[in-house]
Amino acid sequence: MNSRSIKVDYLARVEGEGGLYVRIKGDEVAEVRFNIFEPPRFFEAFLRGRHFLEAPDITARICGICPVAYQMSSSHAMEQACGITVGGALRDLRRLIYCGEWIESHALHIYMLHAPDFLGYEDAIGLAKDYPDIVQRGLRLKKTGNDLMGLLGGREIHPINPRVGGFYRVPTEKELTAFVEPLEWALEAALETVRWTAGFSFPRLERDYECVSLRHDSEYPLCEGRVVSNKGVDIPVEDFLKVFEEEHVPHSTSLHAFVKDRGDYLAGPIARYNNNFDRLPEVARKAAVAAGLDEVCRNPFKSIVVRAVETVFACAEALRLIHTYSKPDRPFEECTPRNAIGSGCTEAPRGLLYHRYHIDDQGLIKTARIIPPTSQNQKAIEADLRLFVQQNLHLTKDKLTWQCEQVVRNYDPCISCSCHFLNLQIDRD
Amino acid sequence: MAATKKPKLAVWKFASCDGCQLSLLDCEDELLAVAGAVHIANFPEASRAVVRGPYDLSLVEGSITTSHDAERIHRIRRMSRRLVVIGACATAGGIQALRNFADVDRFKQIVYPHPEYIECLAKSTPIADHVFVDFELRGCPINKYQLIEVVSAVLNDRKPNIPRYSVCMECKRRGNVCVMVASGIPCLGPVTQAGCGALCPSYNRGCFACFGPAATTNPHALTGCFEQQGMTGDAIVRTFRSFNATAEPFRKQSEAYEQ
């Protein structure tokens with residue numbers, strides 16, 4: 001029986017260090033591993049003994065691409081522990097900075113990391129030589145998101161302005177109004193992005209995913225809501241660990257999250273979209289339908305179109321928030337620490353991000369637990385790879401290797417995030 | 001022919017958050033110009049194409065935390081005519097260097113169900129502890145305009161124009177009112193290198209030292225002021241132990257307060 005393997009030692013166009021290993025025996029996929037060899041950084045350990053107000057600044061350093069997600073999840077967890085809620089204009093500003101991060105991160109992934117796969121380019125620089133206008137559009141869209149984060153956060157990577165309870169400084173109405181014009185352009189560019197990506201040809205792959213995301217009474221979810229799935233999960237954030245578990249499996253040597261008694265699940269744009277299509281603003285719903293997306297999407301390669309639809313949402317939502325903004329009286333709500341546990345779950349661009357802290361009455365952190373999106377998606381990534389390879393054994397090795405990489409990139413994996421507690425070592429036969 | 005050949009640029013990652021190399025992709029207005037001026041020969045975050053070394057300039061992000069990485073950095077140095085390290089992880093060990101003040105085996109037990117699977121070094125160390133470094137660009141994250149300045153300076157064999165004075169200079173230039181004097185907010189600006197544009201004081205908060213110690217600092221005098229404002233010893237230790245905790249002046253100051 002002939003045996004062959006596909007190996008990608010260092011996966012490109014993802015954030016962080018990961019590799020891929022697939023072993024094929026005859027006509028069967030014998031083994032699939034999405035390896036993460038990014039060294040651990042032990043955030044949950046050194047957070048112990050730190051002050052609760054430091055958590056947003058420290059956990060932002062887990063990921064340079066989605067720092068706002070870390071700041072939002074940690075802030076919400078700390079506020080729950082302190083027994084306060086942040087509402088009104090401060091809550092709106094949080095949604096607004098998150099929209100900035102979504103626009104920036106989605107545009108980066110669509111144009112620079114993912115689209116080159118569909119069009120047969122090694123990278124966006126090559127793409128830019130043949131399609132300069134398209135890449136320029138992507139860069140300008142990304143910059144609009146970054147500029148919004150720059151104003152509200154102070155800077156786009158590791159913003160300094162968000163804090164537990166709100167912000168250190170809130171913007172004036174005039175500062176925000178200056179963003180109306182760039183965002184109106186961005187909304188058009190995002191709609192154009194939906195049309196552009198919808199025209200790609202998508203490899204065939206469909207799975208009946210368990211889609212896990214937040215769901216809110218009236219909004220497309222960013223910071224708040226219940227944790228739900230299409231297979232019956234419907235829980236408040238604080239019950240997260242009752243339903244989801246992580247395992248440290250000896251043969252794969254990595255922590256994988258799964259639904260207890262069921263198995264792998266999907267977090268991220270497709271999961272959010274499938275669970276919350278009815279919560280999208282009309283402009284985004286129309287764009288999705290015109291692009292040929294159904295209300296439920298099961299082909300992970302189409303995540304690029306869903307990301308574009310979510311970018312439309314983020315631009316429209318940002319405009320709505322700016323139009324209704326009136327500067328709040330104070331930049332943050334006071335938080336008095338007490339001996340308590342708090343959980344926070346928000347939607348990072350690449351999926352659900354869960355934080356849980358136990359703090360004492362001095363405000364010092366006793367324990368910390370962080371479950372980032374990529375460790376939640378690891379099992380689903382491996383299941384996708386297994387099915388995809390099984391269905392495409394006829395492809396040449398080069399083509400199959402490239403498409404396997406693409407299967408991983410569908411998830412926009414954020415390996416620096418996941419690896420802060422994922423291992424690491426690669427088994428070889 | 002050789003004179004017109006574009007210099008080859010490589011970007012490498014060690015233990016880090018990816019934010020500093022992302023700064024290069026965040027240069028939306030300059031990116032295509034940079035790509036026109038240099039040959040991006042090895043930059044996995046952006047491209048699957050890899051051109052073999054040697055490279056004219058290597059940008060290195062992240063700190064050394066595994067024995068494998070401690071060897072890899074030597075291979076990269078041998079392939080690189082100039083090696084510039086970017087960000088607090090690469091210049092000072094980063095936030096993950098907080099393990100240097102603790103027991104790493106204890107850390108493994110806290111985070112992992114099976115600590116025996118985890119292989120890593122007891123300390124997180126900056127790149128310059130392992131190989132010769134041509135230039136250290138500070139920041140958590142770095143300032144992208146400083147990055148472009150350093151890349152163009154190094155490729156043109158001139159000294160990068162990166163100031164080593166403190167954040168206070170930038171604050172004065174921005175016309176900020178001093179948050180420490182006027183509002184009693186503890187601020188590390190007087191001992192921290194400029195580069196961020198005095199961001200935090202401009203947003204009504206104290207500097208927390210993303211850019212590491214300035215050229216000549218007196219952390220001891222500053223902590224005297226913190227104590228007068230009522231800050232406890234534990235809080236002072238934490239203040240100096242963040243993204244640049246092992247940078248010499250900060251390390252000494254935090255250790256002095258640890259007893």
Side-chain angles (χ1 to χ4, degrees), chain A residues 10-17 38-46 48 50-51 54 57-58 61-65 67 108 112-113 122-126 128 132 135-136 139-140 142-143 146 154-158 160-161 163 168-169 246-248 250 253 255 331 402 405 416 421 423-425, chain B residues 13-23 25-26 28-29 31-32 35 40 43-50 62 65-66 68-69 94-96 98-99 102 104 106-114 117-120 124 140-141 143 196 199-200 202-205 208 210 234-235 238 242-243:
Chain A
Y10 198 123
L11 204 62
R13 280 190 269 123
V14 300
E15 187 267 343
E17 296 182 290
E38 176 102 15
R41 295 198 288 148
F42 303 113
F43 275 82
E44 285 103 328
F46 61 67
R48 291 186 179 188
R50 300 299 297 209
H51 195 257
E54 293 182 294
D57 293 323
I58 290 178
R61 268 65 183 181
I62 292 174
C63 177
I65 298 188
L108 170 72
M112 320 224 37
L113 310 183
E122 303 269 6
D123 52 43
I125 309 281
V135 174
Q136 290 286 7
L139 287 170
R140 191 170 156 198
K142 174 166 149 17
K143 188 170 193 287
N146 263 341
R155 64 186 169 203
E156 50 273 40
I157 301 172
H158 305 331
I160 52 89
N161 195 26
R163 55 162 287 164
Y168 288 93
R169 180 179 88 81
E246 288 173 300
E247 57 183 353
H248 198 173
T253 66
L255 283 185
W402 191 326
E405 288 179 42
S416 294
F421 67 148
N423 191 12
L424 324 172
Q425 111 200 9
Chain B
K13 175 180 157 62
F14 290 83
S16 65
C17 79
D18 256 50
C20 290
Q21 53 174 315
L22 179 67
S23 302
L25 297 180
D26 272 353
E28 291 97 354
D29 295 333
L31 185 65
L32 296 180
I40 298 180
F43 186 8
E45 186 173 72
S47 175
R48 65 193 297 275
V50 175
T65 60
T66 66
H68 172 256
D69 279 352
I95 188 84
Q96 59 273 20
L98 291 179
R99 84 182 66 169
V104 77
R106 176 84 191 105
F107 272 24
K108 286 182 194 172
Q109 284 164 11
I110 290 172
V111 182
Y112 292 90
H114 291 283
Y117 298 152
I118 309 297
E119 187 273 317
C120 71
S124 166
C140 184
N143 174 326
C196 60
L199 265 186
C200 287
S202 310
Y203 279 74
N204 304 331
R205 72 179 288 195
F208 54 104
C210 300
D234 286 353
R238 285 198 301 273
S242 62
F243 321 112

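Predicted, not measured: the structure shown is a model, and the values here were computed from it. Proteins come first, then strands; the chains are lettered A, B, ... in the order of their sequence lines, and each starts at number 1. Side chains included, hydrogens not; waters and symmetry mates left out as well; all remaining heavy atoms used.
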Q | chain B interface, residue from A:I58, A:V135, A:I160, A:N161 that has the most non-hydrogen pairs under 4.5 Å | A | A:I160
Q: Might you work through the side-chain contact (heavy atoms from CB on, under 4.5 Å) test for A:M112 and B:L31, ending with a clear yes or no?
A: CA-CA 12 Å; A:M112 320 224 37; B:L31 185 65; 3.6 Å; yes
Q: Determine, step by step, whether A:R41 and B:S124 satisfy the side-chain contact (heavy atoms from CB on, under 4.5 Å) criterion, reporting the C-alpha distance in whole Å, the side-chain angles of both residues, the deciding distance to 0.1 Å, and the verdict.
A: CA-CA 9 Å; A:R41 295 198 288 148; B:S124 166; over 6 Å; no
Q. What are the two closest heavy atoms between B:T66 and A:P39, and how far apart are they?
A. CG2-CB, 3.9 Å
Q: Return the minimal non-hydrogen interatomic distance between B:C196 and A:R155, and the atom names on each side.
A: CB-NH1, 4.4 Å
**Q.** Heavy-atom pair of closest approach, residues B:S47 and A:D123
**A.** OG-OD2, 2.5 Å
Q: For A:E54 and B:R238, run salt bridge (charged side-chain N to carboxylate O under 4.0 Å, His left out): C-alpha distance rounded to whole Å, both residues' side-chain angles, the deciding distance at 0.1 Å, then the answer.
A: CA-CA 10 Å; A:E54 293 182 294; B:R238 285 198 301 273; 3.7 Å; yes
Q) Is the shortest distance from a Lys or Arg side-chain nitrogen in B:R48 or A:E405 to a carboxylate oxygen in the other one below 4.0 Å? A) yes
Q | Which atoms of B:L25 approach chain A - backbone, side chain, both or neither, heavy atom under 4.5 Å | A | both
Q) Can you say whether B:C210 sits under 4.5 Å from chain A via the side chain, the backbone, both, or neither, judging by heavy atoms? A) side chain
Q: Below 4.5 Å from any heavy atom of chain B, which atoms of A:I157 appear? Answer side chain, backbone, both or neither.
A: both
Q: Give me the ring orientation class for B:Y112 and A:F42: parallel if the planes are under 30° apart, tilted from 30 to 60°, perpendicular past 60°.
A: perpendicular
Q) Is chain A contacted by the side chain of B:L199, its backbone, both, or neither, given a heavy-atom distance below 4.5 Å? A) both
Q. For the residue pair A:E122 and B:A49, what are the closest heavy atoms and their distance?
A. OE1-N, 3.5 Å
Q) Going by heavy atoms in the side chains, are B:D26 and A:L108 under 4.5 Å from each other? A) no
Q. Top residue by heavy-atom pair count (under 4.5 Å) with chain A, among B:Q109, B:R106, B:K108?
A. B:K108
Q: With a 4.5 Å cut-off on heavy-atom pairs, point out which of A:E156, A:R50, A:R61 contacts chain B the most.
A: A:R61
Q: Heavy-atom distances under 4.5 Å only: say whether B:C120 touches chain A with side chain, backbone, both or neither.
A: side chain
**Q.** Contacting moiety of A:R48, where chain B heavy atoms sit under 4.5 Å
**A.** side chain
Q.
For B:D29, is there an ion pair with A:K143 - N to carboxylate O distance below 4.0 angstrom?
A. yes
Q: Taking all non-hydrogen atoms of both residues into account, name the closest pair between A:A128 and B:L32 and its distance.
A: CB-CD2, 3.9 Å
**Q.** Value rounded to 0.5 Å, distance of SG in B:C20 from NE2 in A:H158
**A.** 7.0 Å
Q. How far apart are the closest heavy atoms of B:N204 and A:Y168, and which atoms are they?
A. ND2-O, 3.8 Å
**Q.** Derivation of the side-chain contact (heavy atoms from CB on, under 4.5 Å) call for B:R205 and A:D57
**A.** CA-CA 13 Å; B:R205 72 179 288 195; A:D57 293 323; 2.7 Å; yes
**Q.** Selection from B:I95, B:N143, B:T65 maximising heavy-atom pairs under 4.5 Å formed with chain A
**A.** B:I95
Q | Side chain, backbone, both or neither of B:S202 within contact of chain A (heavy atoms, under 4.5 Å) | A | backbone
